[in-house]
Amino acid sequence: MDYQFKKIESEWQQFWAENNTFKAENHSTKPKYYVMDMFPYPSGAGLHVGHPLGYIASDIFARYKRLKGFNVLHPMGYDSFGLPAEQYAIQTGQHPAITTEQNIATYRRQLDQIGFSFDWSREVRTSSPDYYKWTQWIFMQLFNSWYNRETDKAEPISTLIQKFEVEGNTSVKAASDDDVLSFSAEEWLTFTDQEKQEQLLKYRLTYLRESTVNWCAALGTVLANDEVKDGFSERGGYPVEQKKMMQWSMRITAYAERLLQGLDTIDWPEPLKEMQRNWIGKSVGAMVRFKVERGENKERGAESEKSDNANPLSAPFLVAGSSLSTPFIEVFTTRVDTTFGVTFVVLAPEHELVKHLTTPDQQADIDAYIDQAKKKSELDRMADTKTVSGAFTGSYVINPLNGNKIPVWIADYVLAGYGTGAVMGVPSGDARDHRFATHFNLPIVAILDTQKEVLKEADATKEGHYINSGFINGMTYKEATAAVIAKLEALGAGKAKINYRQRDAIFGRQRYWGEPVPVYFKDGLPHLIDENELPLVLPEVDKYLPTESGEPPLARAENWKYQNEFEYELSTMPGWAGSSWYWYRYMATKEERAENVFAPKEAIDYWKDVDLYIGGSEHATGHLLYSRFWNKFLKDLGLIEVEEPFKKLINQGMIQGRSSFVYRLFFDINSGRQTYFVSKSVYDKLSNDREYRVDFFTKLGFREEDIPDYILSAQHVDVNLISNDILDVEAFKISNKVDTNAQFVLECGLPIFSFEKRLNEVYRCGHEVEKMSKSKFNVVNPDEMIERYGADTLRMYEMFLGPLEQSKPWNTNGIEGVFKFLRKFWKLFHDDNFNFRVINEAASKAELKSLHKIIKKVEDDVERFSFNTSVSSFMIAVNELMELKCAKRSILQDMVIILSPYAPHICEELWKLLGNEAGTLSYAEFPKFNPEFLVEDAFSYPISINGKTKTNLSIPLSLEPKEVETLVLADENVQKYLAGQTPKKVIVVKGRIVNMVV
RNA sequence: GCCUGGGUGGUGGAACUGGUAGACACGCAGGACUUAAAAUCCUGUUCCCGUUAAAGGAGUGCGGGUUCGAUUCCCGCCCCAGGUACCA
């Protein structure tokens, strides 16, 4: 029989399913091995060719480990809450649960046909109530916990209450909000319940906090950063602004130090760890307080400051242990030694002191600036370092070290969420401060004798001795830092401080399709529902849109009240909630899931942690950090044992897509909004060519002086509507919901001829290589590949594409070669008429050499996750055995075992043809490598002159370098290249190379 | 901007610890088999110069450096991709 992959593959897939071949046991005498993949979000576009890359790698590894005698847990599930399903629901009115169910069915079909060895009995779905019951349960544990810095772990909130009752909060060392009041035990006891709860909320590991969101008034909703482009909504192009909103947060910062330390104990790619370290961003420095100079802002601050408790000018004093009575601006700096060089202070435009520091003269300037800053996203603000902007508040502060009066500015390069939302400007040492000072004509003072030309350029050196710096003049960096901190502490104007860049994570979305937060509100304060009321099931709503008043979709649920009385929390949990603990749910068997725990203790004790986790590096600072955080928290509660959940992690590179773009041009005219889609070359010319632009608008009927303001932007378009970069305009019109009256300007430009077909009368799209994702409309799925070549070919081809960890755009150029290889492998077992021809003869030396070369190679390659190189080696081995006309069982049977993790279907079939019991291949024993078969006695030395290879010479490997040198120099051919010269030096590296220097 | 990764023939890539650059494939060209096609097999294929063959020269994004020897190590740039806190 010829190689009939379709028949073979469907038969074996059915066999595995029916016989539960890959079901993992929670009890075994074998050593355990837990191989996990990052589970997919079941997108409507189906599984794309990028997903299987990591899954194939982990499947090869899992199958390899079974052959090596391990009890392997290799599960799969779905991260099934998310924005795209909800977006689809908004457009179609379909319940996201239904579309999600359909998408999962598609994913499952696609996964099944690739032949993965998953234990499907342990599948999880984050959107199913029996799963998210436990996500909500963990949320409740977080709400009921605080972080004790003395024991360095989370503890029940009841222990905090006990402390408050005995000693108040002044001596408590806890992770908390910045604005906690100090109170004594007596004061605590006089608090009402309401007041007590308010205080406790500042300590809970999940708590309410005001944070900034992208608010789109036209859509009446909050947008993800992903959905905002250049300050406008990606859908519809409506303006977006930054707005503050009360939100649930997770106090991940409490764990910053442990998250940092833990990195040293796990086997993860160094760059990934580095990303997490940078994200956590530990910096050792100091807080410095600059007193506000009174009198400059007499109308406001001065009179209200004493009596009015709500006056924000007094807000910063609400720091535990502080008794200062003058308003100040607090900054964090890592270069406290440069305090004498401070010539201005900059606040974030959102800083709460801004409105109180602004003098009447400056009011207009400041208002205009704040207005403009609101329109920019944080990312835009960080990214744009070229343009300097800012506004003067009119107020001044006093430098605590030299008493200098320093102006207070606002600028958008200072971000409210970072540090204290204020920085001290040291233009001589910091490039950004320098640009700011130069632009606004602020003084620049050198503070180190090694700084050169500070008027021209900032110099961040720590070398040399201080100048212009009062009592630290003449000191070195180390001495000065210590001296300044000591002085600031003595003055009560600052203290040493370790700062983390990481912020507490926002834990809420103003959306429908997510886990409901198990919280209701009573008298404006959050309370947990009862544990036995879990899961709090997502209620039905009539529409998946926000309400008219801008509340989240859950506000639409009718009669949805806790005990028919109290408002539930209306936001839902973010995408990362369900994925932050799922590896524990996999540990529970189907039967064990009926028990009232997230996973049984014995199962957790047995599987402990994930031995190998494979997934994309795009999750480096999101999912992987949150998961480590929740894991540490669960450990603090004593529910699990390990500090780190993922022992070893491999990043598979992304299979990128080739995205296509259309170019949308729109502007407002008297009769409303007009939209055009312009072709690629028209877009290029409109962007770069002024004359063309004028001509273009003239043709549209505008006079040169009346050309309207317009927005020209690139927009993703579905790659399935495109062939060779040409857009199917009619199909696009149907799929594009927003601009029904849009017009199309084709390659030929204006005017549009519609009656005559010509070459340029097409709409040409632009393109870019970027990640494959539904939102970028560039998804390619594996079904067609499997239909044409089969799963074994797809599996091997995805590995053959290149190193697992590297990103690459998808292309199918080489797939024929892999397919040919499998057919050759099949032919090795059959004669020309496809009769099985394997014989029981003793293997030759050459055959054994080929076999043991590949055993060694595959072992080495799998252990270091270099799957692409083993595919090449398999090809070489099969080419060699073909050449040798090898048909011997002792060789071929081992070949089947070695290849089976990569191409399991064809190997199962051949295993059966070889006379073995069906299905036993998965648990066969991996062949033992014997180095004796690879011993060589001679090596063909490359002979080079000045590093350039000239010829080769075969020399016995037993010879020592001196003997090799003699032999080489005696060679006629070598003498020809030397042309009579005597080498100055001869380098011989045994078994490697001979190099002569002349 | 900042953090992280990458850049080698026409294409995907190999070269594992500084030791023959281009393994293995794809594609292309030529040939065999065939009435023909598909499939299969054989030969060639980094570039330039030359060409019956040979012999030269250049070459791993760009510019420098260390070394007997650099795709590999160091310094400075350019380009591409991922992340940048509400895509997952």
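Throughout, a chain's letter reflects where its sequence line sits, starting with A, and its residues are numbered from 1.
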Ignoring hydrogens and geometry beyond distance, is a side-chain donor-acceptor pair present between A/N952 and A/S940 at under 3.5 Å? yes
Look at all strands and tell whether A/D861 reaches a base, only sugar-phosphate, or nothing, counting heavy atoms closer than 4.0 Å. nothing
Got a list of protein N/O to nucleotides 64-75 of chain B N/O distances below 3.5 Å?
residue, atom, partner, partner atom, Å
B/C68, O2', A/N995, ND2, 3.4
B/C68, O2, A/N995, ND2, 2.7

Just to be sure I follow the notation: if a pair is Watson-Crick (purine N1 to pyrimidine N3 plus N6-O4 or O6-N4) or a G-U wobble (N1-O2 and O6-N3), each under 3.5 Å, what dot-bracket string does RNA chain B give, with | for pairs to another strand? (((((((..(((......[....)))((((((.......))))))(((.......)))..(((((..]....))))))))))))....
Distance-only polar pair, side chains of A/T869 and A/S866, donor-acceptor under 3.5 Å: yes
Nucleotide B/G13, atom P - distance to CE of A/M796 in whole Å: 17 Å
Do A/Y797 and A/Y789 have side-chain heavy atoms sitting under 4.5 Å apart? no
A/Y544 and A/Q87: side-chain donor and acceptor closer than 3.5 Å? no
Within 45° of the ring axis of A/W279 and under 6.0 Å from its six-membered ring centre, is that where the NZ or CZ of A/R501 lies? yes
Taking the chi torsion of B/G9, is it syn (within 90° of 0) or anti (everything else)? syn
Pairwise P distance, B/G10 and B/G59 [rounded to whole Å]: 16 Å
Using only atom types and a distance under 3.5 Å, with no angle test, would you say the side chain of A/E210 pairs donor to acceptor with the backbone of A/M246? no
For A/Y941, is the NZ or CZ atom of A/R992 found under 6.0 angstrom from the centre of its six-membered ring and inside 45 degrees of the ring axis? no
Base versus backbone protein contacts along nucleotides 78-88 of chain B [heavy-atom cut-off under 4.0 Å; B, S, -]: ---SBSBBBBB
Could you measure between the two P atoms, the one in B/C28 and the one in B/U11, and give it in whole Å? 15 Å
By the 4.0 Å heavy-atom rule, please label A/P809 as base, sugar-phosphate, or nothing. nothing
Taking atom types as modelled and ignoring hydrogens, do the side chains of A/D504 and A/Y207 form a donor-acceptor contact shorter than 3.5 angstrom? yes
C1' gap between B/C79 and B/G61, integer Å: 7 Å
Taking atom types as modelled and ignoring hydrogens, do the side chains of A/S944 and A/N995 form a donor-acceptor contact shorter than 3.5 angstrom? yes
A/Q247 and A/Q510: side chain donor to acceptor below 3.5 Å: yes
Provide the distance between the two C1' atoms, one in B/C3 and one in B/U8, to the nearest whole Å. 27 Å
A/T572 side chain vs A/W513 backbone, donor-acceptor pair below 3.5 Å: no
Nucleotides 42-50 of chain B: which of its N/O atoms have a protein N/O under 3.5 Å away?
none

Check A/N946, A/V988, A/L969 against A/M996 for a side-chain contact (heavy atoms from CB on, under 4.5 Å) and give me the one that passes. A/L969
Identify whether the distance between the nearest side-chain nitrogen and carboxylate oxygen of A/D860 and A/K856 falls below 4.0 Å. yes
Between protein and nucleotides 22-29 of chain B, what N or O pairs are separated by less than 3.5 Å?
residue, atom, partner, partner atom, Å
B/A23, N1, A/S872, OG, 3.4
B/A25, OP1, A/N879, ND2, 2.5
B/C26, OP1, A/K820, NZ, 2.9
B/C26, O2', A/N813, O, 2.3

Distance, P atom - from B/G7 to B/U71, rounded to whole angstrom: 14 Å
Expressed in whole Å, how much space separates the P atoms belonging to B/C24 and B/C74? 31 Å
Pairwise C1' distance, B/U67 and B/G18 [rounded to whole Å]: 9 Å
Does a side chain donor of either A/D433 or A/Y413 reach within less than 3.5 Å of an acceptor in the other side chain? yes
With sequence neighbours left out, the residues meeting ring-ring contact (aromatic ring centres under 6.0 Å, His included) with A/Y582 are A/F39, A/Y586
Whether A/Q276 side chain and A/A620 backbone form a donor-acceptor pair below 3.5 Å: yes
Answer yes or no: is there a donor N or O on one side and an acceptor on the other, between the side chain of A/R511 and the main chain of A/V222, under 3.5 Å? yes
Separation of the C1' atoms in B/G65 and B/G56, to the nearest angstrom: 29 Å
